[in-house]
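Beneath this line is the structure, given in structure tokens, with notes to follow.
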Amino acid sequence: MNKNPIAAIATPRGAGGVGIIRVSGPDLIGLAKTLLGTEPRPRFAHFLVLKDAHQEQIDQVLLLFFKSPASFTGEDIIELHCHGGPRVTQLVLNRVMELGSSDGVALAGPGEFSLRAFLNGKIDLVQAEAIADLINAQSDASLRGAALSLQGRFSEQINRLIDEITQLRILVESTLDFPEEEIEFIESANAKQRLEKIMNDLDQIIKISSQGKILRDGIRLALVGPPNVGKSSLLNTLVGEERAIVTPIAGTTRDRIIENISIDGIPVHLIDTAGIRDSQDVVEQIGVAQTWDEITKADIILLMHDVTKAPDVNFGDIETKVRACAHSGAHILTVMNKLDLLERQQTGQIKDVAITKQIYISAKTGEGIDQLKETILRFAGWEGNADGGIYTARTRHLQAILVAKDHLQKAMTHGFGGNRILELFAEELHCAQNYLGEITGKLLPDDLLGKIFSEFCIGK
Ligand code: GDP
């Protein structure tokens with residue numbers, strides 16, 4: 001780890017009441033003294049007038065000093081609170097860099113403060129990621145989920161499981177030297193029941209963390225279909241505001257429109273796309289190309305159709321192409337819009353969405369919209385209620401858990417299948433333990449660490 005002090009503006013760029021410049025390093029007493037003119041008192045707000053090299057006032061500033069190890073990073077930290085303008089914060093940072101040049105103060109890279117907190121054992125990797133998730137949370141529920149991860153709820157469960165696997169492994173390894181006692185030993189220690197319990201607990205964690213992944217990542221939902229079927233109208237209805245232009249003229253939406261909404265606390269990234277048709281208009285052609293691009297990325301595709309035009313000859317063709325383009329895990333839901341224009345006797349023939357994967361709505365009157373929202377969540381795999389103690393999780397976590405589960409299954413076969421090989425049983429437990437350890441960062445390939453923190457923003 002680079003031991004030089006690092007500095008960055010910790011607040012967002014732009015105007016605000018207060019801006020914060022953060023410095024972290026192994027020993028910042030000297031820099032704090034230079035800034036203050038006196039010895040800093042830890043956890044005390046010192047007032048000072050910060051001047052530039054020509055003794056011109058930059059701003060009035062509050063200085064806070066956190067003495068190592070009682071700080072976020074575990075190192076000494078100086079925080080300078082100035083007025084929150086882009087120039088002020090930049091000048092304060094420049095001055096800190098000047099005054100700290102003899103201490104080797106360097107500009108912090110993305111996520112470098114959190115990385116130091118992790119490397120100094122102040123937080124584990126799940127908690128570091130939860131900080132990023134908390135900052136980027138788009139709904140109250142995903143914020144609560146990130147807060148639970150940050151408090152350590154997810155890590156506790158993983159650590160408990162690692163402990164149980166370790167104990168079982170030690171037990172098995174201790175019998176390896178005494179093969180004649182092996183069977184008795186394993187049976188008296190309830191090894192099989194213990195492994196079964198570990199696997200059940202892991203299944204429970206898989207369940208919660210797959211929900212936690214939906215809570216964190218949200219659902220990417222693309223509104224797709226021919227022109228004029230009501231895609232923009234549905235976007236506006238779901239957002240609750242007039243965001244997209246709605247006209248009876250085909251080809252109005254040329255650029256994709258992205259809106260973030262939440263359905264029952266789950267973040268939904270809603271994408272209105274250009275209507276699919278052959279067009280000579282160059283701008284519209286670009287829009288249609290973007291539509292196909294969005295289809296490849298979407299978790300759920302609402303394939304929209306004008307119910308008064310059914311059966312539309314082009315629709316089957318579009319549907320085939322959409323299915324071929326969507327990724328294998330994506331769900332496609334056919335949405336029959338303009339239900340309000342359908343004769344009453346026709347609406348009686350509408351079948352359950354669970355059977356037909358077709359849903360009837362009116363973007364104009366709002367009929368069927370609640371059912372559409374429910375169906376979207378169900379298709380995305382959301383089962384829970386966002387208030388139910390679900391912590392946020394990432395694809396990385398889920399992948400590691402699933403590999404760990406695979407190793408536990410193999411351990412079960414080697415330990416209690418027809419042909420018992422205890423060395424392999426112990427080895428599989430070891431592998432499971434390592435994969436779980438990757439989640440909290442106990443055991444981690446170096447390149448992964450760099451990748452995780454590079455996605456953080458500067459100053460975090
Ligand atoms: P898009 O091209 O697919 O985005 O379709 P728009 O949302 O621009 O709608 C095309 C036309 O259909 C507009 O005149 C809308 O007012 C109308 N429209 C959209 N949804 C409905 C609906 O549910 N009922 C009725 N009656 N008209 C609708």
Side-chain angles (χ1 to χ4, degrees), residues 220-261 263 268-295 297-298 300-323 325-326 332-350 353 356-376:
R220 212 172 160 85
L221 183 78
L223 308 180
V224 174
N228 262 344
V229 293
K231 299 179 293 299
S232 299
S233 304
L234 179 58
L235 177 111
N236 289 342
T237 302
L238 289 172
V239 174
E241 275 178 44
E242 297 295 308
R243 290 296 169 92
I245 300 171
V246 171
T247 72
I249 304 160
T252 316
T253 306
R254 294 157 153 231
D255 210 354
R256 71 199 127 179
I257 297 173
I258 303 182
E259 289 290 334
N260 295 318
I261 60 165
I263 300 180
V268 176
H269 315 290
L270 202 59
I271 302 131
D272 183 16
T273 62
I276 299 173
R277 65 167 179 178
D278 292 327
S279 166
Q280 297 307 313
D281 181 321
V282 181
V283 181
E284 197 178 342
Q285 281 172 359
I286 296 172
V288 175
Q290 285 180 348
T291 302
W292 289 110
D293 184 41
E294 287 303 335
I295 291 171
K297 293 192 280 190
I300 297 184
I301 297 156
L302 298 188
L303 193 53
M304 289 189 64
H305 196 34
D306 181 337
V307 78
T308 62
K309 298 236 169 80
D312 181 334
V313 277
N314 293 325
F315 194 73
D317 190 30
I318 291 180
E319 183 169 357
T320 312
K321 285 187 189 153
V322 168
R323 283 191 192 282
C325 181
I332 299 172
L333 176 64
T334 304
V335 177
M336 298 294 198
N337 188 32
K338 311 197 186 180
L339 180 60
D340 54 299
L341 297 179
L342 213 58
E343 301 290 337
R344 270 298 133 198
Q345 65 269 26
Q346 289 174 282
T347 58
Q349 297 161 9
I350 295 171
V353 54
T356 58
K357 294 213 170 172
Q358 278 191 2
I359 192 160
Y360 287 72
I361 63 156
S362 166
K364 191 170 177 180
T365 66
E367 195 176 349
I369 297 296
D370 285 345
Q371 199 198 359
L372 175 66
K373 288 180 179 174
E374 267 170 42
T375 312
I376 290 168

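Indexing begins at 1, ligand by ligand and atom by atom, following the structure's order. Since the model is a prediction, treat every value here as computed from it, not as a measurement.
- For ligand 1, the polar-atom distance check finds no N/O of D272 at less than 3.5 Å from any of the ligand's N/O atoms.
- Residue P227 has no nitrogen or oxygen atom sitting less than 3.5 Å from a nitrogen or oxygen atom of ligand 1, judged on distance alone.
- One finds a salt bridge joining K338 and D306 here, because a Lys/Arg side-chain nitrogen approaches an Asp/Glu carboxylate oxygen to under 4.0 Å.
- With N337 contributing its side chain and V229 its backbone, the two residues share a donor-acceptor pair below 3.5 Å.
- When non-hydrogen atoms are compared, ligand 1 lies under 4.0 Å from the side chain of L341 (C-beta onward) but not from its backbone.
- The residue from L302, L339, T237, V335 that alone fulfils the side-chain contact (heavy atoms from CB on, under 4.5 Å) condition with I361 is V335.
- When heavy-atom distances to ligand 1 are checked against a 4.0 Å cut-off, N337 comes that close only through its side chain, counted from C-beta outward.
- For L339, no nitrogen or oxygen atom sits less than 3.5 Å from a nitrogen or oxygen atom of ligand 1, counting backbone and side chain alike.
- The closest donor-acceptor contact from the side chain of K373 to the backbone of L238 lies at 3.5 Å or more, if one exists at all.
- Of the inter-residue distances, the one linking C325 atom SG with I301 atom CD1 reads 7.5 Å to the nearest 0.5 angstrom.
- Polar contact check, V229 against ligand 1: a nitrogen or oxygen pair lies under 3.5 Å apart.
- Here is the list of ligand 1 atoms found below 4.0 Å of a heavy atom in D340: 22 (C), 23 (O), 24 (N), 25 (C), 26 (N).
- For ligand 1 and K231, the ligand atoms under 4.0 Å from any heavy atom of the residue are 1 (P), 2 (O), 3 (O), 4 (O), 5 (O), 7 (O).
- Around atom NZ of K321, no more than 12 heavy atoms belonging to other residues, nucleotides or ligands sit under 6.0 Å away.
- When the options G225, G368, S233, P226 are ranked by their closest heavy atom to atom 9 (O) of ligand 1, first place goes to S233.
- In the model, D340 has no side-chain atom that pairs as donor or acceptor with a side-chain atom of T365 under 3.5 Å.
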